[in-house]
Amino acid sequence: MTTDTTTKGTTPDATTPGTPILDARGVTMRFGGLTAVRGVDLTVNSGEIVGLIGPNGAGKTTFFNCLTGLYVPTEGEVRYKGQVLPPKPFKVTAAGIARTFQNIRLFANMTVLENVLVGRHTRTKEGLWSALLRGPGFHRAEAASRARAMELLEFVGLAHKANHLSRNLPYGEQRKLEIARALASEPGLLLLDEPTAGMNPQETRATEELVFAIRDMGIAILVIEHDMRFIMNLCDRVAVLVQGEKLIEGDSVTVQRDERVIAAYLGEPFEGAPGAEEAAEVESAEAHAKAEAQAESAKAEAKTEAQAESAENTTDAASDRSTTDAAPGKENDR
Amino acid sequence: MTTQTTASNTPSTTTAAAAPKGLIGIPENIGRALATAGGALSVASTFLAWTWTPAFPGDLTVYGYPGGLQVLVLVGGALTALFGLASYGVKGLRWLAPAGANSSLKLAALGTFATAWYTVIAISVKLGGLVNLEPGGWIVAVVTLAAVLGAFSLPFERPEAEHHDADGTGWDRFRHGVRHQAAVLRAALAGGEPSAPARKLPSYAEILIIVAVLAAGLTVFTYGIGTEYDELFIGFLITAGFGFAALFKAGLITRIAAITARHSTVTMIGAFVAAAAFPFTQSDDQYATIGVYILIFATVALGLNVVVGLAGLLDLGYVAFLGVGAYTAALVSGSPSSPLSIQLPFWASALIGAVVSMVFGVLIGAPTLRLRGDYLAIVTLGFGEIFRIALLNTDGTSGPDITNGSNGISSIPNLNILGFDFGQEHTILGFTIGRFANYFLLMLLITLVVVVVFRRSSDSRIGRAWIAVREDETAARAMGINGFRVKLIAFALGATLAGLAGTVQAHVTYTVTPEQYMFAHVVPPNSAFLLAAVVLGGMGTISGPLVGAALLYLIPAKLQFLGDYQLLAFGLALVLLMRFRPEGLIANRRRQLEFHEDTEAPAVLSKAGV
């Protein structure tokens with residue numbers, strides 16, 4: 001992967017980590033009487049991966065939409081490299097912020113390659129006349145776009161599927177394609193909205209590698225995610241949104257230890273909550289029950305339910321992945 | 001048609017036979033021989049007399065010379081016999097059916113049968129009784145029936161009967177039975193996969209194949225346009241429909257599509273040469289008239305395809321832009337009823353017509369394209385009506401005198417380009433071509449322009465942006481596409497192309513009146529028919545709207561006897577088509593992939609359809 005086309009310096013180390021790329025100040029978003037986001041400040045520095053977490057409905061995606069111009073914030077301003085962002089999504093993309101969507105929004109009936117080519121839209125200029133007259137400039141630009149798009153597909157590992165319809169890709173590859181499409185616009189900042197939702201652990205790890213590789217290209221990343229292990233491995237800093245307000249911001253350890261985060265994110269632990277031993281016990285019981293006759297199965301199911309309940313209330317958020325990647329509402333809507 | 005559905009009852013009730021069986025219980029080898037011989041014999045029978053009196057049109061009374069509907073049966077029979085031989089694996093005929101000849105044989109036999117029986121029944125009904133049939137008529141009826149029975153006794157993979165609950169109501173059981181029968185029937189006609197990959201041919205051979213295909217296409221089209229009476233046209237539709245289906249099931253169409261895709265420029269040029277040859281095949285101007293109207297219709301439909309097929313904007317008032325172009329050209333044509341007493345040369349009026357149309361497109365599009373979906377459709381529908389009513393009212397009494405109200409602008413003079421008078425007959429290379437043939441050739445140039453514009457714009461940055469906006473506007477905006485701007489470009493481009501076609505239309509029709517540009521009207525082009533041509537032909541393709549427009553023009557023009565039921569039949573046909581082939585007659589390769597996920601991805605998908 002060459003880095004010459006990225007908008008920033010060649011290596012992240014070259015840029016001082018203190019340079020803010022994105023600077024959101026006092027962003028507030030109201031829908032009628034409902035305040036979805038209230039006075040959020042967030043800075044993303046160059047070469048940094050910043051995580052944004054919070055329970056469902058905390059306003060994370062709304063905040064994202066404010067950053068990308070899909071919504072115009074009621075109050076506050078967002079600056080990208082010192083410039084106030086224009087309130088139009090396509091201008092934001094042209095300025096250098098690219099995003100992916102929580103529920104994948106690919107152009108389903110276009111091929112994989114065409115999807116990435118659409119991402120090149122802001123970095124090419126050929127209009128209708130150039131397309132109709134087909135001068136040498138048109139062919140050159142088209143060839144360059146294709147070459148760059150293939151490079152990006154190579155980067156995410158989809159080059160061999162360039163001519164498939166994107167709707168026919170498996171789920172994980174659709175996520176990758178969305179990232180490739182976002183990268184095609186040569187962003188300085190990439191916003192990922194739940195990039196590992198619905199992925200299995202192997203796919204999640206692959207995505208982790210991919211995000212690191214993108215960071216190494218010199219692109220700052222802001223990521224929303226529910227998978228705690230993913231976030232804690234990945235992020236230099238984590239901000240926590242709760243009910244539209246920023247609760248805390250800091251490195252992963254600080255956030256992980258914070259009592260308020262745990263309370264807000266996972267609920268108050270109740271008296272006599274089952275610990276890890278109990279969970280293991282339930283699990284072994286379940287395994288045992290499976291070996292038993294059919295009649296036992298109903299009982300085992302009840303136990304599984306008990307386990308799920310206990311998992312929700314477990315305070316050990318970071319250590320047990322399976323406890324925290326549950327975002328059932330989000331996963332059902334696609 | 002009814003015979004084979006009833007016949008299918010018997011074997012499907014006695015299912016679960018291990019070996020694949022046919023729908024009809026004749027042994028396979030006998031059936032195959034029967035089908036092949038039936039095809040050959042039906043060819044022979046067309047040389048006999050079918051009826052005794054020339055009261056039935058088409059010279060069916062002569063021995064030794066097929067005429068009228070007999071020619072169609074001859075073609076069908078020949079096709080059946082050829083597929084029959086190919087299904088035997090005869091060496092020289094293997095190319096005919098790369099995907100297996102069985103289902104093609106069935107379809108060809110069915111088509112021949114339908115045409116022959118239609119003829120026989122039409123003779124009996126028209127002349128009053130079976131006594132009017134000569135022995136030839138009886139023979140053809142029997143041999144085609146034998147061919148169908150033989151063909152449907154060929155074995156096929158029978159679908160598993162779905163399990164259904166025993167305590168369903170009688171209606172449920174009935175529905176289940178019907179569904180199973182339909183599945184069996186579909187399986188009986190299902191084509192196979194090509195057994196071997198296409199042999200590599202040298203490119204000159206491929207180009208020769210393209211030329212042959214185009215020549216065949218021109219012949220079929222010319223024959224269809226030239227059919228002189230209803231029975232012949234219906235027979236033509238039956239034979240052509242089944243013949244095309246048979247060729248498709250044989251895998252031949254797919255092969256040809258692959259070849260034309262490899263030589264798309266050659267194909268395009270060839271198609272236009274073939275189209276330009278059309279007036280020279282006609283002895284009088286009558287069919288060139290139909291030709292030029294089809295071309296106008298098809299060109300405007302293709303322009304609409306930019307708006308609907310590529311950018312996904314449902315425009316229900318598109319014909320208004322054709323009207324803008326036509327009225328503009330009429331106003332500057334030097335017509336005595338035009339308030340402007342100037343006569344501009346054609347290039348100038350075409351340019352002005354296109355530009356004025358584009359201006360209207362931008363004026364209409366700028367405020368409305370911020371709307372999405374249904375709202376845009378309603379607004380454009382309204383605009384179409386506003387345009388027509390404005391034309392009616394600018395007659396000097398209710399408004400300024402510009403358009404002459406409902407009388408329209410009449411006596412538009414013929415075009416004269418560089419001394420070539422379009423109103424006169426000309427003799428070129430020994431062929432005499434009349435007024436409409438002249439305009440046909442001019443219109444063909446406009447069509448060429450529109451085709452090139454469509455092809456080039458769809459395969460470019462802007463074309464991809466249109467498709468992206470159509471697919472998901474929010475995502476497209478997030479990818480840096482100014483949705484409003486690209487939609488406006490598509491809308492204005494569509495308007496410009498329609499306006500350009502309109503400038504020629506004004507001269508072809510002599511008169512422009514507001515009634516020509518209504519939303520729905522019996523005669524195409526109008527907004528409803530244009531949209532139907534695009535949807536029926538296939539959205540997002542080049543040949544789709546052309547084929548759709550040709551069919552939608554020819555069928556009402558040829559089937560005059562339907563009279564007031566034309567629109568009803570049209571609506572029914574559209575509903576059925578959308579039910580059974582939602583991607584249109586000619587599917588975009590993109591859409592084909594959408595419907596058949598397993599098929600191998602073609603190498604060049606980014607090009608717009610064939």
Side-chain angles (χ1 to χ4, degrees), chain A residues 65 68-70 88-101 104-134 138 141-142 145-146 161-168 178 181-182 184-187 191, chain B residues 306 312 358 449-450 452-486 488-490 492-493 496-497 539-540 583 588-607:
Chain A
N65 287 343
T68 51
L70 227 50
K88 289 265 176 12
F90 60 90
K91 287 183 182 162
V92 171
T93 311
I97 298 182
R99 73 169 292 178
T100 66
F101 291 89
I104 302 176
R105 300 188 84 145
L106 288 169
F107 306 120
N109 293 322
M110 297 177 92
T111 63
V112 169
L113 179 64
E114 283 171 327
N115 265 282
V116 184
L117 284 174
V118 169
R120 297 281 308 158
H121 192 87
T122 49
R123 301 294 169 239
T124 43
K125 287 198 179 56
E126 284 63 43
L128 182 63
W129 285 114
S130 148
L132 295 184
L133 301 176
R134 299 259 149 142
F138 174 84
E142 196 80 343
S145 280
R146 268 166 208 279
K161 290 199 167 174
N163 284 326
H164 288 231
L165 277 194
S166 64
R167 66 184 304 144
N168 295 345
E178 222 190 2
R181 185 180 69 176
S185 66
E186 293 172 14
L191 308 182
Chain B
V306 173
M358 184 183 77
V449 168
V450 177
V452 169
V453 166
F454 186 93
R455 220 167 87 115
R456 294 195 156 179
S457 60
S458 66
D459 180 26
S460 71
R461 172 176 174 266
I462 191 88
R464 284 191 298 268
W466 286 335
I467 299 173
V469 167
R470 183 190 72 195
E471 292 286 316
D472 186 338
E473 191 168 345
T474 309
R477 278 153 60 88
M479 288 304 115
I481 292 170
N482 185 344
F484 174 68
R485 192 183 138 87
V486 298
L488 190 60
I489 291 175
L493 179 67
T496 313
L497 297 179
M539 287 203 279
E583 70 267 42
N588 192 340
R589 256 171 279 162
R590 198 190 300 284
R591 293 198 145 217
Q592 234 162 22
L593 214 61
E594 183 181 337
F595 282 91
H596 311 282
E597 301 193 353
D598 308 330
T599 48
E600 207 179 313
V604 274
L605 245 177
S606 54
K607 299 263 159 46

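Each chain gets a letter, A, B and so on, in the order the sequences are listed, and its residues count up from 1. No experiment lies behind these values; they were computed from the predicted model shown.
Residues Glu186(A) and Arg120(A) meet the side-chain proximity criterion, which asks for heavy atoms closer than 4.5 Å.
Under the rule for a side-chain contact (heavy atoms from CB on, under 4.5 Å), the partners of Ala468(B) that lie at least two apart in sequence or sit in another chain are Phe107(A), Met110(A), Val118(A), Ala476(B), Ile481(B). When the side-chain contact (heavy atoms from CB on, under 4.5 Å) test is applied to Lys161(A), the partners found at least two apart in sequence or on another chain are His164(A), Leu169(A), Pro170(A), Glu173(A).
A donor-acceptor pair is defined here as one N or O able to donate and one able to accept, closer than 3.5 Å; no such pair exists between the side chain of Trp466(B) and the backbone of Ser458(B). Remark: the backbone N or O of Val453(B) is not paired with any side-chain donor or acceptor of Arg456(B) at under 3.5 angstrom.
With chain B as the partner, the residue from Arg99(A), Lys91(A), Arg181(A) showing the most heavy-atom pairs under 4.5 Å is Arg181(A). The most heavy-atom pairs under 4.5 Å with chain A, out of Val452(B), Ile462(B), Thr474(B), Val486(B), come from Thr474(B). Ranked by heavy-atom pairs under 4.5 Å with chain A, the list Ala465(B), Gly483(B), Ala478(B) is led by Ala478(B). When Leu106(A), Thr100(A), Thr122(A), Leu117(A) are compared by the number of non-hydrogen pairs under 4.5 Å with chain B, Leu117(A) comes out ahead. For the options His121(A), Lys125(A), Arg105(A), heavy-atom pairs under 4.5 Å to chain B are most numerous at His121(A).
Remark: Glu142(A) does not engage Arg461(B) in a salt bridge, criterion side-chain N to carboxylate O under 4.0 Å.
For Ala98(A), no part sits under 4.5 Å from any heavy atom of chain B, backbone or side chain. Heavy atoms closer than 4.5 Å to chain B are found nowhere in Ile97(A), neither backbone nor side chain. For Thr124(A), the parts lying under 4.5 angstrom from a heavy atom of chain B are both the backbone and the side chain.
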